[in-house]
Amino acid sequence: MDHTPPLEQALHAARALVLADLVAGQVADADVVSLVEDSVVHRRWWAEQWPEGAGYLPGLVAQDVQDALLERYGRWPLCPVCADGDPHALDVDPELGPDPHWVCGKAQVRVAPVGALDSVVGPGH
């Protein structure tokens, strides 16, 4: 029987989903993984203040990592839908809500749930 507190379960799940997307995009090196860990630490405090928001953690951690990557490395994850024009990043939708998805704001389409980018990006993306 799992005796892990619900908040820790939610944080572990959010970490795993975002790491899966980083692996799918082949950007899960040690520096990037530490960005995920930084977000999880920050969001632990946030979720302790607002336990009802635990379901929002995957989207929030994804956005935190996306913002940190933009500052240090560039846009992530790049949109696999739009072949024309400048490369652009996907957005998390909803910004604050359960069941977050990566969406292309340009094409107005849902690309994949957070944690499932491997279903739409191949090697080298």
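- You'll find the side chain of Asp118 stays beyond 4.5 Å of the side chain of Val23, heavy atoms only.
- Atom CG of Leu17 is separated from atom NE2 of His12 by 13.0 Å, given to the nearest 0.5 angstrom.
- When the side chains of ILVMFWY residues are joined at heavy-atom separations under 4.5 Å, either directly or via intervening members, Val103 and Val120 end up in two distinct hydrophobic clusters.
- Between Leu57 and Ala10 the shortest heavy-atom distance is CD1-CB, 3.8 Å.
- Contact between Leu90 and Val111 at its shortest, heavy atoms only, is CD2-CG2, 3.7 Å.
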Where do Leu70 and Arg75 land on the side chain to side chain contact (heavy atoms under 4.5 Å, CB included) test, with the steps shown first? CA-CA 5 Å; Leu70 181 59; Arg75 292 181 288 255; 3.9 Å; yes
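- Here the shortest heavy-atom pairing between Gly115 and Ala20 reads O-CB, 3.8 Å.
- Heavy atoms of other residues, nucleotides or ligands lying less than 6.0 angstrom from CH2 of Trp50 number more than 12.
- Asp91 and Gly105 make their closest contact through OD2-N, 4.3 Å (heavy atoms, listed as atom of the first residue, atom of the second, distance).
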Give the intermediate values and the outcome of side chain to side chain contact (heavy atoms under 4.5 Å, CB included) for residues Val18 and Asp64. CA-CA 10 Å; Val18 174; Asp64 291 346; over 6 Å; no
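- At most 12 heavy atoms of other shown residues, nucleotides or ligands fall within 6.0 angstrom of atom CD in Glu95.
- Separation of atoms CZ (Arg43) and CD (Gln63) is listed at 7.5 Å; rounding is to 0.5 Å.
- Two residues are said to be in side-chain contact when any heavy atoms from C-beta on lie closer than 4.5 Å; Gln66 and Pro77 meet this criterion.
- Here the side chains of Leu22 and Leu69 are in contact, with some heavy-atom distance below 4.5 Å.
- Counted within 6.0 Å of CG on Asp86, heavy atoms from surrounding residues, nucleotides or ligands total 12 or fewer; the atom is thus considered open.
- Between Trp102 and Trp76, the angle of the ring planes goes over 60°, which puts this pair in the perpendicular group of the 30/60° scheme.
- Across Asp21 and Ala116, no two heavy atoms sit closer than the pair OD1-N, 3.1 Å.
- At least one side-chain heavy atom of Arg72 sits less than 4.5 Å from a side-chain heavy atom of Leu35.
- Hydrophobic clustering (ILVMFWY, side-chain heavy atoms < 4.5 Å, transitive): Val41 and Val61 are in distinct clusters.
- When all heavy atoms of Pro100 and Pro94 are compared, the closest pair comes out as CA-CD, 4.0 Å.
- Note: His88 NE2 to Cys104 SG = 3.5 Å, rounded to the nearest 0.5 Å.
- Side chains of Val27 and Tyr73 form no contact here, defined as non-hydrogen atoms less than 4.5 Å apart.
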